[in-house]
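First the structure, in the form of structure tokens, and then the observations on it.
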Amino acid sequence: MSNITDTLKENVAKAVKSLYGADFEAKKVNISPTRKEIEGDYTILVFPFAKIARKRPEAIGEEIGQYLVENMDAVAKFNIIKGFLNLSVSDNLWASMLNNMLGQADFGTHPKNGEKVMVEYSSPNTNKPLHLGHVRNILLGWSCAKILDAAGYDVTRVQIINDRGVHICKSMLTWELYGNGETPESSGMKGDHMIGKYYVLFDKKFQEEYKVWQKSKAALARYKTWINSEAGQKAVKEQGTNELEAHFYKSVYKNKYFNDESEIGQKVNEMLIKWENNDPEIRALWQKMNGWVYAGFNETYKNLGVSFDDIYYESNTYLLGKDTIEAGLEKGLFFKKEDNSVWIDLTDAKLDEKLVLRSNGTSVYMTQDMGTAQQRYKDHGVSKMIYVVGNEQEYHFKVLFEILKRLEEPYAAGLHHLSYGMVELPDGKMKSREGKVVDADDLMVEVQAAVKAVSEESGGLVGLPEETITDIHRQIGLGALKFFILKINPRRGMIFNPAESVEIQGQTGPFIQYATMRTKAVERKAKDIDLSFSDNYTDVQDIEQELLLMLQKFPKIIAKAANTYSPAEVANYSYEVAKIFNRFYNLCPILKADNPLEVKAFRLKLCQLTGKVLVKGLDLLGMESPDYM
RNA sequence: GGUCUCAUAGCUCAGCUGGAUAGAGCAUCUCACUUCUAAUGAGACGGUCUCAGGUUCGAAUCCUGAUGAGAUCACCA
């Protein structure tokens, strides 16, 4: 039996054909659950047929309703209010609907479609421990991968690690200068946090040096040269001389100072050159320190419950893409300027002229990304690539995708940037320089502690082994955090309120986990109930019908979430299911002693199905379902 | 300035292939645990869907414009 709504749509289309002799696409029939206060289970909108039938909506409803009752066993009766045709489903249909859904081993998931898709997420920089922004990224990526898998795709999860460049050398240098051989073991710090410390230290040391220099005669000379230059005069015009010197040091000259004059800056640049020339000592240091960082990252990933199938490193990919430049030049897609730099003109796509190769022949980010995409296609043969990256890179990806499209890459049509908004704190943006960041590791510890406090108060876990209790606290804490982040449409920027993220009441992860736990608890208690009696149950309550109709949507929700790359779709659906189930749980006793057998059997089955859907829904969000709470 | 997002209840968010009286949660105020675990349920309160036009039988939803917020427009990554 296919889905009842689909069957209804097909029959409505048939009705239109037979009554009015016109073709109407079954898919376009507008059908929705009937509003609670009106009699009926499904409502069909008849306005769209008005033009075809050339009759009043009420008359059309009457005719179609009549047709459906006569031609479908499932439709018992109907009524019409304005242009709305409300159908009531036959009583015996509910049990068969339930059996049908419960009979599917993996209800909700779609058969494999043979398509391969890659999801890239996390993509950290080895200098900074993962923070709240990464957490949103990682959870989105992980959940999307799960959803795509459930929707029938063959998914490869990857991350690209930014492990090269000037910034990496900064932490290496300060560790060499001031580290005294410190290791994660010797300091007891997580590797990524330890490296992060040296990265911050570099900035501090540089600022100190820069500040001293600003008082020198040389500094004053640089400032005077600038102020008399064209750019300097322009600045004077725009903002006056007030604070101009500070502005000069802060914004105008800083990079130049770093590259040309700074002692510590020189050392970093020397180190980078050595790294690029494969200096064995530098490379060994680099590998050692990266190893510490990766160990730290892996711990965080493990705690978050996520993993990857393949990892790309920029140190391997940064030279890729140059052959593509050649190919593009031959095709006439790219062009060279006099200084030998290579460009592409995308002004006709409302994008600008874009540099793809520097005048000195070295790559830019775009070059590298072009090459990496091709490499991934070679490695994994994927037809779709999903990049989970913040919305600040929207422009970059638009350009990248446009270039790959014009290069006629076979996967070009399947490229998607899953762009998500910035995570802000209630008092504004996170700023790493001011230490105003929410660290991923700290965050996970905090949510678990908060859950522990509530749990001990409610006392639901008393009597279980200590280890089990701790693990349940972990599951709930992470559940609260993950749901809090994933329920929001990725597109939107979000305000992360730490207090709200550990809420366990209302629209939260633990609310859904609690409902799921209830389904499990009932099942544990239900013994020796002959489930086949459920078919005799015909007095199906409104709330039971509502729950069934909601559960029936599951496969479509997964498909929609996959098509829109939106875990929020699954999150909000799971919440709705949990809410209806809780209402059902309160209204309809399942195992009550004086319930007739068919009532127990039907409700128990409904409970089982709800449990299956909720467990799967939570799993798609990367959340676990505790057995006790 | 160009481009792209976003704007719905005091707060956090759903709803957007146009359809009935715009929905949840939080907060505030009631009520319900001798009951399959109350981390629950029932009820009350709360709205000019930013504004102004347009299309339509019908607009929170589509179009145009305005206002406000964010992002982006490097031979940076």
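To find a chain, count down the sequence lines: A is the first, B the second, and so on, and within it residues start at 1. Given the structure is predicted, the values throughout are model-derived calculations rather than measurements. We use all heavy atoms of the structure for the numbers below, so side chains are in, but hydrogens, waters and symmetry mates are not.
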Does a side-chain N-to-carboxylate-O contact under 4.0 Å join A/R583 and A/E546? yes
Distance to the ring centre below 6.0 angstrom and angle to the axis at most 45 degrees; does that hold for A/R164 and A/Y318? yes
Would you find more than 12 non-hydrogen atoms of other residues, nucleotides or ligands less than 6.0 Å from A/K256 atom NZ? no
When the P atoms of B/C51 and B/U67 are considered, how many whole Å apart are they? 16 Å
So if I take residues 595-604 of chain A and measure heavy-atom distances to RNA chain B, which residues fall below 4.0 Å? none
Watson-Crick or G-U counterpart of B/G18, or none if no pair lies under 3.5 Å: none
With centres under 5.5 Å and planes under 30° as the test, does A/F84 stack with B/A20? yes
How close or far is atom P of B/C13 from atom CG of A/L486, stated in whole angstroms? 14 Å
A/F47 stacking on B/G19: centroids under 5.5 Å, ring planes under 30°? yes
For A/T362, the side chain to side chain contact (heavy atoms under 4.5 Å, CB included) test, sequence neighbours excluded, returns A/R358, A/N360
Hunt down the Watson-Crick or G-U wobble partner of B/C26, both distances under 3.5 Å, from any strand shown, or write none. B/G10
May I ask you to say what A/L587 touches in the nucleic acid, namely base, sugar-phosphate or nothing, with a heavy-atom cut-off under 4.0 Å? nothing
Pairwise C1' distance for B/U72 and B/A77, with rounding to whole Å: 15 Å
Atom C1', compared across B/G47 and B/C11: separation rounded to whole Å: 14 Å
Going by purine N1 to pyrimidine N3 plus the second Watson-Crick contact, or the G-U wobble pair, all under 3.5 Å, which nucleotide sits opposite B/C62? B/G54
Passing option when A/Y537 is tested against A/K600, A/E598, A/E544 for side-chain hydrogen bond (donor to acceptor under 3.5 Å, both in side chains): A/E544
Re B/G1: Watson-Crick or G-U wobble partner, both distances kept under 3.5 Å, found to be B/C73
List the steps and the verdict of ring-ring contact (aromatic ring centres under 6.0 Å, His included) for A/F511 and A/F483. CA-CA 10 Å; A/F511 175 94; A/F483 189 83; 9.0 Å; no
Is there a Watson-Crick or G-U wobble partner for B/U40 with both distances under 3.5 Å, and which nucleotide is it? B/A32
Reading RNA chain B from 5' onward, which residue's closest nucleotide shows up sooner: A/R492 or A/A521? A/R492
For A/N391 and A/R491, test the side chains for any donor-to-acceptor distance below 3.5 angstrom and give the result as yes or no. no
Mind checking A/S32 for me? I need base, sugar-phosphate or nothing, with any heavy atom below 4.0 Å counting as a touch. nothing
